[in-house]
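Below is one structure, written out as structure tokens; the observations come after it.
Order of the sequence lines fixes the chain letters, A, B, ..., with proteins taken first and strands second; residue numbering starts at 1 for each chain.
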Protein chains: 2
Amino acid sequence: MSEHYKTEAEFLKAFQANTHDTILYSIDPVIFTIKEQSLQVLMVKRKSYPFKDAWALPGGRIDKGESKTIEDAVRLKLLAKTGLDHAYFEQVMTDGGKEMDPRGWSITTVYFALVRYEDVVLEENQTRELVAWQPVEALNSLSSIAFWHHKLINASLERLRNKITYTDLPANLMPKVFTIRQLRMAYEVILDTEITRQAFVKRANHLIDKGLLVDTGEISDEVGRPAKLYEYVPESTPHVFSHSMNKTK
Amino acid sequence: MSEHYKTEAEFLKAFQANTHDTILYSIDPVIFTIKEQSLQVLMVKRKSYPFKDAWALPGGRIDKGESKTIEDAVRLKLLAKTGLDHAYFEQVMTDGGKEMDPRGWSITTVYFALVRYEDVVLEENQTRELVAWQPVEALNSLSSIAFWHHKLINASLERLRNKITYTDLPANLMPKVFTIRQLRMAYEVILDTEITRQAFVKRANHLIDKGLLVDTGEISDEVGRPAKLYEYVPESTPHVFSHSMNKTK
DNA sequence: GTAATAGTGTCTATTAGACATTATCTT
DNA sequence: AAGATAATGTCTAATAGACACTATTAC
């Protein structure tokens, strides 16, 4: 769309000349993973205007020829950015307005996705933008974040934090086999609080009873008493516990 | 946009000639009220193509000059259709695709709103479309519903039904003053199940303790022992109970 | 009084959270 | 044996649901 402008003003002038009287629509996935015991988000460094050189979500326009529905378009974006063709994702919200994009009235639909870190293959995209995992706690110190993407990430994070108090969503972030302790640590990393081990085990037992966590027969070889290794067998929708974890704030 | 075409084919031919390579975006509010002990949705009968003469949600395009954000645009639509400038509303989802609208790739963001029946003043709009409350249980028997609006209504209804099991949302549907019994009946109408009276009173007491239901000092004059009349003083977000009501299905 | 509904209290089941105890591994 | 963590059990508090009982009105 935009290629070699020297300044943003120059770019916008050329863009306005082309502008139809319509709303610009995009999809922005907030792709979460757990890497090195921290919750991280996939971001790209923009190589073109607007917000050249700022960090942004790896979103963009819908290719109408390639997708029949919005969900198709989201799957395509996830595949393009992570190489994954199956990942948990859900719609968070749609936001927009006159001020979101200097090109004019724009709307974006935000999805969050949960991916297993070691399954992701990052590749620079067609425009050779830098793609990198950013720890959520470091987002404030990023020099510049494009559009309203900070707001969109925060909305996704809030949804995720709230939803894991009554669902098994973090299991989607686990390696192929993992211990209950590792799963608990995923909850702790996302919520940034400690969770009582014994209380958590009761929750995990519900998942085992439901067949969502399957004992592999293998045993972890970490420090202390060895723990059973489980595999996650997700259903089409996340498991919902009957009660929320108490918000210990 | 479209005015006097004899057939849909003729209309579409004229429309395609105008089409930019963009996505058509609209907002569709699902406005719920309780009227005559039934949950009803505000619908309009379309006077123009596409889906001429079918019932549709009272949505449409965003007027970019009038609104700075999507929420502004929703407020404007609610005002235009109901005369209300303050109503509870929340975003449900954004849906769309190639097949939703015969004019081409389209996206809509769905909001549900809860309004007090006696406050609404229905007026035929600029294009003199018929505007009417439709009971949700009668939607299946409506001869024709435009676009994917049946799906959008069902999504809103599902959200509403789920959310009232742990929030005070139905209080937004009540008359100015009402009894606990009336509030309970609103829940029953929406969920289409009976709710144990005494269990419900405990929930209501939480709302009274929080100051969300205020005793007016007045007394209802219905049959049986007179009941206290309350007023709803909503906060900016709905009250969330610590536990859901059990799904008694 | 009877009918009808409001309002309150009692009992049980579920579950989270806190915490103690026992079990199983490595060094 | 010491250290570490897993796995299990016990106790308490909160709350929903079921249901009994009392209170207040109209007739």
Between [atom2] of [N] and [atom1] of [X], the distance in whole Å:
{"X": "B/D209", "N": "D/dT15", "atom1": "CG", "atom2": "P", "value": "11 Å"}
{"X": "B/Y187", "N": "D/dG17", "atom1": "OH", "atom2": "C1'", "value": "17 Å"}
{"X": "A/H206", "N": "D/dA7", "atom1": "NE2", "atom2": "P", "value": "16 Å"}
{"X": "A/F200", "N": "C/dG17", "atom1": "CZ", "atom2": "P", "value": "12 Å"}
{"X": "A/I195", "N": "C/dA18", "atom1": "CD1", "atom2": "C1'", "value": "15 Å"}
{"X": "A/L207", "N": "D/dA7", "atom1": "CG", "atom2": "C1'", "value": "17 Å"}
{"X": "A/M245", "N": "C/dA18", "atom1": "CE", "atom2": "P", "value": "12 Å"}
{"X": "B/H243", "N": "D/dA13", "atom1": "NE2", "atom2": "P", "value": "16 Å"}

Check: [X] side chain, [Y] main-chain N or O, donor-acceptor pair, under 3.5 Å:
{"X": "B/R116", "Y": "B/L173", "answer": "no"}
{"X": "A/T216", "Y": "A/E231", "answer": "no"}
{"X": "B/R161", "Y": "B/I190", "answer": "yes"}
{"X": "A/E158", "Y": "A/A155", "answer": "no"}
{"X": "A/Q91", "Y": "B/M93", "answer": "no"}
{"X": "A/T33", "Y": "A/V115", "answer": "yes"}

Are any of B/T196's side-chain N or O atoms less than 4.0 Å away from OP1 or OP2 of D/dA18?
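Yes.
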
Check this one for me: any side-chain N or O of B/S242 less than 4.0 Å away from OP1 or OP2 of D/dT15?
yes

Test: A/R159 cationic atom under 6.0 Å from A/F112 six-membered ring centre, within 45° of axis:
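Ring-cation test returns no.
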
Listing request: all salt bridge (Lys or Arg N to Asp or Glu O under 4.0 Å) pairs with a residue in residues 178-191 of chain B, at least two apart in sequence or in separate chains.
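Salt bridge (Lys or Arg N to Asp or Glu O under 4.0 Å) check on residues 178-191 of chain B returns B/R184-B/E188.
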
Determine, for nucleotides 4-13 of chain C in 5'-to-3' order, which nucleotides have protein heavy atoms under 4.0 Å from the base (write B), from only the sugar-phosphate (write S), or from neither (write -).
BBBBBBB---

Note every stem involving DNA chain C: at least three consecutive Watson-Crick or G-U wobble pairs, i with j then i+1 with j-1, with both distances under 3.5 Å.
C:1-27 with D:1-27

Output yes when A/K210 and A/E235 qualify as a salt bridge under the 4.0 Å nitrogen-oxygen rule, no when they do not.
no

